[in-house]
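Numbering of ligands and ligand atoms starts at 1, following listing order. Bear in mind that the values here come from a model prediction, so they are computed numbers and not experimental data. When a residue number appears, it is its place in the shown sequence, counting from 1.
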Amino acid sequence: MAGAAGRGLACGVRGTRAGFADRGGRVNPAEAAAAVILDEFLRVGGRDVVLAPGQRSAPLAVAAAAAAAEGDCVLHVRIDERSAAFLALGLTRAGGTPVLLMTTSGSAVANLAPAVWEADASDLPLVVVTADRPPELLGVGANQAADQVRVFQDRVRWEGQLEAPSWRPGVVRYWRSMASQALNAATDAVSPGPVHLNVALREPLLGGGAGDVGDVGDAMVPDDLGGRPGGLPWTLDARMTSVASVAIDSLLEALGRPVEPTLGAVVVGDLAAGEPFASEAATLADSLNWPLLSEPSGNAHDSGTAVAHGPLLAGVASWRAAHQPDVVVTVGRVGLTRSVNALIDAADLHIAVDPRPARTPLDPLRSADLVASAVPAPAEPVRAADDWIDGWLAADDVAEEVVRRALAAPQAPPLSGIGVARAVWQAMASDELLLAGASWPVRFLDGYAPLRALPPWVIGNRGLSGIDGLVSTAVGAALAWQRVDDDAERGTAGGRAVALLGDLAFLHDSNGLLVPADEPAPRLDIVVIDNDGGGIFAGLESSGGDYAQHFERVFGTPQGRDLVAVAEAMGVPATRVSDLGGLLAALSAQAAPSERSTGSEGLRVIVARVGSRPEEQALVAAIAADLEAELAG
Ligand SMILES: Cc1ncc(C[n+]2csc(CCOP(=O)(O)OP(=O)(O)O)c2C)c(N)n1
């Protein structure tokens, strides 16, 4: 349910007469409709508005700029719609509130698709408002006119077509209701996610004059353009669901299993920020003596049974066979590594916890015996004997030692992707935010980062694991994070953000570095693991045998660019480091910008020039081989 925030526009809509007084009592209905949409957004606690410029969307742009000038919203303007959309995604991912994303018509709208897809897969309340041509201009070759109806298909939870605003009785109620429906669908208690309001806009788009610009008479337009009193949204959706947790012994009974000490494990995957699942999963594992394996963005650590190197241990087939859990409880979206997938698949019983009751269950291996909406509560009779968890924890210590040894070995490159991921993880404070990029970066954190008592909060675009839009997502997430109040689920917040990206991901979204001078400035370090190309493919089937001859051209795709120069061309300071000392110095040198800094001040790129992709792959293989030998010995 959208919270009754009791806020709204200070100008423009509430106290409309004052807001539009300088128009001689005449109000352009397109401007009024835009202000009403924005007002409803603020009434549900929305704050950030992301805008890409255009002419057809002028009423939306003018309304947002006026509201931002009054301090009613925070406006972010970007020229590239794909980047703008990922910026909005990052803002809502780290900030937890809906974000309004507004563009002009035509191909601009198509550029939003990647972020809308990710928002769909990650259940994030991205509120897309697109300007459209009125019906008479569609299908006749009019300029910048495309069919925008159902452009996002089933990837949005709700879509509405707002008819071109004109003054007629009841029209304000219609605008408010449409905006309210969109916002309620985006923030739905059961199935939140992206929504699309497509707004036909007819000329004149701004100002007074002829055409549809009408008189503001009492009969037509009430003083506040018809908003609910007390700053409430037009329709408050109170259809809450509270999901009760069922104890693990009851679930075992329901599945016809004995209630007795059970060898189990808890695997935590990606979860939307702020959900209580991470701490509940940790409590379950702790109480049952079950190992706790958390993917980076699962953020579950707070258990004496937490295991840092689960993917490495599960990758040693002989060890896994001897330590295979009978029951695995997965929480959220799991599936980052093949080895942990194998562990889940081989369990007798798989209980999958999916916080999204209205959607197809998160069960990537189709192995779940039971799907639950809440993490099961622990039950004492199910608790495993100490030697079960002791075996896992002892092996985890061995794995940590093996990783350290491999990184320090003379044949290891002076700087490796694994070394960079570990150093970043260990250098960060608990009030900081870490965006783990797709491909190797997130997997290096998953398999190789050690346990930490007070780790940073980790996010990633794990809905679709795209390497697109990651710079923009990080910028948005940093901006939201830096003003999140302390939150029990995330520890403290408010500190610096760091993004850990591969070089191709960085280049893919280099437009995200364009933060104009007047825009809110993120405190963000982007650490690029520069192995010149797609490293992860080196470990897959595509690199070997007959496939090897074309590997570099069609998989590795080295771009051979100077990434420091790329960043600097975008106005972002950058440094290159080639050893661990240099990286740590660069990470600690980050200067906090002043409160009022804007643009790319506070944004920094650290290019970590690591060993070659084959060298990194050799390091991965050496660690696996050494671990296998140690665990066998
Ligand atoms: C939008 C998108 N396009 C393509 C892919 C497929 N893909 C996965 S990893 C990868 C290479 C990434 O290279 P880089 O960012 O340098 O990271 P590294 O593999 O070196 O860790 C590609 C192209 C993807 N995940 N998302």
- Query: Backbone, side chain, both or neither: what part of N531 comes under 4.0 angstrom of ligand 1, heavy atoms only?
  - Reply: side chain
- Query: Short N/O distance, under 3.5 Å, between H508 and ligand 1?
  - Reply: no
- Message: Can you confirm whether R56 sits close enough to D132 that some side-chain heavy atom of one is under 4.5 Å from a side-chain heavy atom of the other?
- Response: no
- Are S294 and H301 linked by a side-chain donor-acceptor pair shorter than 3.5 Å? no
- Note on the structure: So for P114 against ligand 1, with non-hydrogen atoms under 4.0 Å, the contacting part is neither
- Note on the structure: For L504, the atoms of ligand 1 under 4.0 Å from one of its heavy atoms are 13 (O), 14 (P), 15 (O), 16 (O)
- For I536, take its heavy atoms, then give the atoms of ligand 1 lying under 4.0 Å from any of them. 9 (S), 19 (O)
- Have a look at S465, A505, G466 and point out the one with the heavy atom closest to atom 15 (O) of ligand 1. A505
- Message: Looking only at distances, can you tell me whether any N or O atom of I467, backbone or side chain, sits closer than 3.5 Å to an N or O atom of ligand 1?
- Response: yes
- Proximity winner for atom 17 (O) of ligand 1, if only heavy atoms of G556, A421, G502, G417 are counted: G502
- Query: Is it true that the side chains of D345 and S367 contain a donor and an acceptor less than 3.5 Å apart?
  - Reply: no
- Query: Just which atoms of ligand 1 are under 4.0 Å from any heavy atom in P441?
  - Reply: 21 (O)
- Query: Can you tell me the protein heavy atom closest to atom 20 (O) of ligand 1 and the distance?
  - Reply: G535 N, 2.8 Å
- Step-by-step salt bridge (charged side-chain N to carboxylate O under 4.0 Å, His left out) determination, D431 to R496: CA-CA 8 Å; D431 68 341; R496 168 185 60 168; over 6 Å; no
- Task: Could you please spell out the steps behind the salt bridge (charged side-chain N to carboxylate O under 4.0 Å, His left out) verdict for E295 and R333?
- Result: CA-CA 9 Å; E295 292 183 9; R333 183 191 309 280; over 6 Å; no
- Query: Is there any N or O on D468 that sits under 3.5 Å from an N or O of ligand 1?
  - Reply: no
- Among all protein heavy atoms, pick the one closest to atom 21 (O) of ligand 1 and tell me residue, atom and distance. W440 CB, 3.0 Å
- Item | Set of residues satisfying ring pair (Phe, Tyr, Trp, His ring centres under 6.0 Å) with respect to F555, sequence neighbours excluded | F537, F551
- Ion pair check, R609 and D532, cut-off under 4.0 Å: no
- Task: Could you tell me whether a side-chain N or O of D626 sits under 3.5 Å from a main-chain N or O of V402, the two making a donor and an acceptor?
- Result: no
- Note on the structure: A student checking ligand 1 against G534 at a 4.0 Å heavy-atom cut-off should list atoms 11 (C), 13 (O), 19 (O), 20 (O)
- Item | Carboxylate-amine/guanidinium contact E118 R155, below 4.0 Å | no
- Query: Which residue owns the protein heavy atom closest to atom 19 (O) of ligand 1, what's the atom, and how far is it?
  - Reply: S439 OG, 2.6 Å
- D123 and R356: CA distance, side-chain angles, deciding distance, salt bridge (charged side-chain N to carboxylate O under 4.0 Å, His left out) verdict: CA-CA 9 Å; D123 307 288; R356 318 156 324 146; 3.4 Å; yes
- Item | Distance-only N or O hit between ligand 1 and F537, under 3.5 Å | no
